[in-house]
Amino acid sequence: MSNQRATSRGTYHPLLGTNVEVRVIAQAETVPAAQALAEAAEQVAVDRVVQLQSMFTTYEATSELCRWRAAEIDEVTAEFTEVLRAAEHWWRVSGGAFHPVTEELRERWLLAERDGVPPSDAELVQLVARLATLPFTVTDAGVRRVGDCTGLDLNAIAKGFIVDQAVESAAAQPGVMDVLVNAGGDLRHIGDQSLRVGVEDPRQPGGAPLQVVEVGEGALATSGPVHRGFRIGDQWFGHVLDPRTGRPVAGRPSTTVRAPDAMTADALAT
């Protein structure tokens with residue numbers, strides 16, 4: 001009997017602040033056996049997302065990220081080190097356009113939204129000056145704080161890393177031929193299928209896609225100010241802040257990046 005393929009339910013799971021789609025295709029001697037393998041691999045992917053979400057969240061004081069940035073722990077996991085190393089890399093090669101320690105800047109714009117008054121030029125100059133260097137280093141010996149890390153926020157890169165880890169963990173399971181994980185704009189695919197992915201038109205959210213992209217093995221990430229941002233008076237500012245100016249990025253309603261992995265696409269889209 002030739003091998004049969006079956007697809008998991010392709011469930012949407014409420015994780016990472018969005019609905020995460022996980023779809024697995026597995027192969028076995030019978031359809032029921034393939035279905036069981038696909039469903040089991042889907043659960044492996046979901047479990048990996050849950051595990052890593054609890055590691056990188058800024059909303060739980062007991063997470064590894066919160067404990068390390070508060071100097072409660074010094075030793076960290078390999079996963080935390082990998083994401084911090086990637087964050088340092090993209091900060092360096094982007095000339096500071098990507099920055100993992102912008103929580104103070106974001107909080108200032110949230111205050112501006114509450115008060116209805118944007119921050120002054122002088123305030124932004126001071127905030128940007130504090131972002132000129134990173135308060136941590138990553139070497140072969142591990143990660144080390146060299147300054148105040150309480151504002152460390154890895155959301156702009158950790159989400160892509162988590163998607164990668166979920167896909168790769170599912171793809172390593174018995175009989176699995178194809179895996180897709182789509183976390184609200186951060187997508188990674190491994191397998192022999194070709195996907196058609198619609199890129200949202202930022203001028204018409206929820207409407208017809210601006211473009212349809214063919215994705216084989218690889219990742220796609222989209223970032224833009226349409227769904228999140230700051231409303232100050234009658235003016236809307238996107239949530240993506242430029243750490244070199246302290247101001248929300250303007251004139252770019254959406255950016256979509258294709259890359260070999262989701263962590264790279266996530267960082268570059270930001």
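In this text the structure is predicted, and so the values were computed from the model without any measurement.
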Less than 4.5 Å apart, any side-chain heavy atom of E42 and any of H13?
-> yes
Fill in: Q27 (side chain) donor-acceptor with G175 (main chain) under 3.5 angstrom
no
Salt bridge (charged side-chain N to carboxylate O under 4.0 Å, His left out) filter on D47, not counting sequence neighbours, yields none
Side chain to side chain, T256 and V213, heavy atoms closer than 4.5 Å = no
Checklist entry - If Ile, Leu, Val, Met, Phe, Trp and Tyr residues are connected whenever their side-chain heavy atoms lie under 4.5 Å apart, and connections chain through other members, are V138 and V83 in the same group? => result yes
Problem - Pair L124-L105, side chain to side chain contact (heavy atoms under 4.5 Å, CB included): steps then yes or no - result: CA-CA 8 Å; L124 293 179; L105 184 60; 4.2 Å; yes
Hydrophobic cluster membership, with links at side-chain heavy-atom distances under 4.5 Å among I/L/V/M/F/W/Y: are V31 and M177 in one?
no
Correct closest heavy-atom pair for P119 and A112 would be CD-CB, 3.7 Å
One should read off an interatomic distance between L37 CG and R5 CZ, to the nearest 0.5 angstrom, of 13.0 Å
(message) Taking the basic N atoms (NZ, or NE/NH1/NH2) and the acidic carboxylate oxygens, is any pair closer than 4.0 Å for D178 and R23?
(response) yes
When rounded to the nearest 0.5 Å, the distance separating CG of L65 from CG of D153 is 7.5 Å
Problem - More than 12 heavy atoms from other groups under 6.0 Å of CD on E60 - result: no
Closest non-hydrogen atoms of S54 and S63, given as atom of the first, atom of the second and distance, are O-CB, 3.1 Å
Expected output: side-chain E123 to main-chain S120 donor-acceptor under 3.5 Å: yes
- request: Evaluate the side-chain proximity of E113 to F237: yes if any heavy-atom separation is below 4.5 Å, no if none is.
  value: no
The side-chain hydrogen bond (donor to acceptor under 3.5 Å, both in side chains) partner of R145 among D74, T150, T137 is D74
Look at the aromatic rings of F230 and W109 and report parallel, tilted or perpendicular, splitting at 30° and 60°.
-> tilted
Test side chain to side chain contact (heavy atoms under 4.5 Å, CB included) on H189 and L220 and set out the steps. CA-CA 9 Å; H189 173 247; L220 205 69; over 6 Å; no
Here the gap from Y59 atom OH to Q53 atom CD, rounded to the nearest 0.5 Å, amounts to 11.0 Å
query: Should L152 and V146 be regarded as members of a common hydrophobic cluster, given that ILVMFWY residues are connected when their side-chain heavy atoms come within less than 4.5 Å of each other, either directly or indirectly?
result: no
List the atom pairs, with distances to 0.1 Å, where a side-chain N or O of residues 162-171 and a protein N or O form a donor-acceptor pair under 3.5 Å, not counting sequence neighbours.
unit_1, atom_1, unit_2, atom_2, d
D164, OD1, R188, NH1, 2.6
D164, OD1, A262, N, 2.8
D164, OD2, A262, N, 3.2
D164, OD2, M263, N, 2.9
Q165, OE1, R48, NE, 3.4
Q165, OE1, R48, NH2, 2.6
E168, OE2, R188, NH1, 3.1
S169, OG, Q165, O, 3.0
S169, OG, A166, O, 2.9

* Asked: Side chains of N19 and P14: does their closest heavy-atom pair fall under 4.5 Å?
  -> yes
### Query
Is the closest side-chain heavy-atom distance between T58 and R69 below 4.5 Å?
yes
Taking it one step at a time, do T270 and W90 satisfy side chain to side chain contact (heavy atoms under 4.5 Å, CB included)? CA-CA 10 Å; T270 299; W90 289 115; over 6 Å; no
All heavy atoms of T77 vs all of M55, minimum pair found to be OG1-SD, 3.6 Å
Applying the 4.5 Å side-chain criterion to the ILVMFWY set and letting contacts propagate, would L180 and I25 be lumped into a single cluster? no
d(E88 CD, L134 CG) to nearest 0.5 Å is 6.5 Å
Tightest non-hydrogen contact, residues T18 and G184, listed as OG1-CA, 3.6 Å
Greater than 12 external heavy atoms within 6.0 Å of E214's CD
yes
Quiz prompt | Lys/Arg-Asp/Glu bridge criterion (N-O < 4.0 Å) met for D121, R247 | solution = yes
Tell me, do V49 and L15 make a side-chain contact under 4.5 Å, heavy atoms counted? yes
So NZ of K159 and CG of L154: to nearest 0.5 Å the spacing works out to 14.5 Å
For F56 and E79 the tightest heavy-atom approach is CZ-O, 3.9 Å
When you look at W91 and V101, which way does the side chain to side chain contact (heavy atoms under 4.5 Å, CB included) test go after all the steps? CA-CA 10 Å; W91 170 78; V101 195; over 6 Å; no
- Should I157 and P100 count as side-chain neighbours, where that means a heavy-atom distance under 4.5 Å? no
Would you say L84 and W68 make side-chain contact, with heavy atoms under 4.5 Å? yes
Shortest non-hydrogen pair, P243 vs G96, comes out as CG-O, 3.0 Å
Taken to the nearest 0.5 Å, the spacing of R106 CZ from H239 NE2 works out to 10.0 Å
How about Q35 and E39: does a side-chain donor come under 3.5 Å of a side-chain acceptor? yes
| field | Cluster overlap V249 with V125, hydrophobic side-chain contacts below 4.5 Å | value | no
